[in-house]
Amino acid sequence: MDIRDNLIARIIETEREGWAGEAEGLKTSLAAANAKLAQLDNLIARRTAAVNLGMPAFRDIAGRHATTERAPGEPDDSQQTTTNQ
């Protein structure tokens, strides 16, 4: 905000002194500063908006890590038996 206020004061001064080229450059800088402030306002507004992610139901998450027990001596899935012919 201080930068924008300073630019406005400098634009008034350059127009009073008749420095048209300098005033146009400052007006361009002022437009860029206003655009940046608007961009930051939009960013802040997006970050403060709540997003509902929902609550998963128990049925959706239950049993995802179920394990089965094997009988002693029973091979697991990674050990396959082969027979020679």
Side-chain angles (χ1 to χ4, degrees):
M1 297 291 200
D2 291 335
I3 293 172
R4 186 174 57 186
D5 294 340
N6 185 23
L7 284 169
I8 292 169
R10 289 180 58 199
I11 290 169
I12 293 169
E13 177 186 1
T14 56
E15 288 175 343
R16 184 181 63 237
E17 297 294 329
W19 302 331
E22 184 72 17
E24 287 304 312
L26 291 170
K27 288 177 183 177
T28 302
S29 296
L30 178 61
N34 285 331
K36 189 63 172 181
L37 287 172
Q39 181 184 20
L40 291 173
D41 287 341
N42 288 336
L43 179 66
I44 291 168
R46 278 195 322 244
R47 288 194 178 178
T48 58
V51 176
N52 183 6
L53 299 177
M55 182 66 135
F58 180 75
R59 68 180 180 280
D60 295 335
I61 59 173
R64 288 190 179 184
H65 299 288
T67 58
T68 58
E69 295 183 24
R70 292 184 192 87
E74 182 180 333
D76 62 50
D77 295 340
S78 64
Q79 300 172 345
Q80 295 181 0
T81 57
T82 58
T83 57
N84 292 337
Q85 294 180 347

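All values below come from the heavy atoms of this structure, side chains included, with hydrogens, waters and symmetry mates left out. Quick caveat: nothing in here was measured; it's all calculated off a predicted structure.
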First locate atom CG of N6, then atom CD1 of I11, and finally report the distance between them rounded to the nearest 0.5 Å.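 CD1 of I11 is found 10.0 Å from CG of N6.
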Supply the atom-to-atom distance T14 OG1 to L26 CG, rounded to the nearest 0.5 angstrom.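 Here the rounded value is 5.0 Å.
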Answer yes if I3 and I12 sit in the same cluster of Ile, Leu, Val, Met, Phe, Trp and Tyr residues linked by side chain heavy atoms under 4.5 Å apart, and no otherwise.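 Linked, I3 and I12 end up in one cluster.
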Note, Q39 side chain near L43 side chain (heavy atom, < 4.5 Å):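 A side-chain contact under 4.5 Å is absent here.
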Is any side-chain heavy atom of R10 closer than 4.5 Å to a side-chain heavy atom of E22?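 Answer yes - side chains close enough.
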Option passing side chain to side chain contact (heavy atoms under 4.5 Å, CB included) with R4 (candidates L7, I8, D2):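 Of the listed residues L7, I8, D2, the side chain to side chain contact (heavy atoms under 4.5 Å, CB included) partner of R4 is I8.
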Please list, chain by chain and in numerical order, all residues satisfying salt bridge (Lys or Arg N to Asp or Glu O under 4.0 Å) with E24, sequence neighbours excluded.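 E24 satisfies salt bridge (Lys or Arg N to Asp or Glu O under 4.0 Å) with K27 once adjacent residues are dropped.
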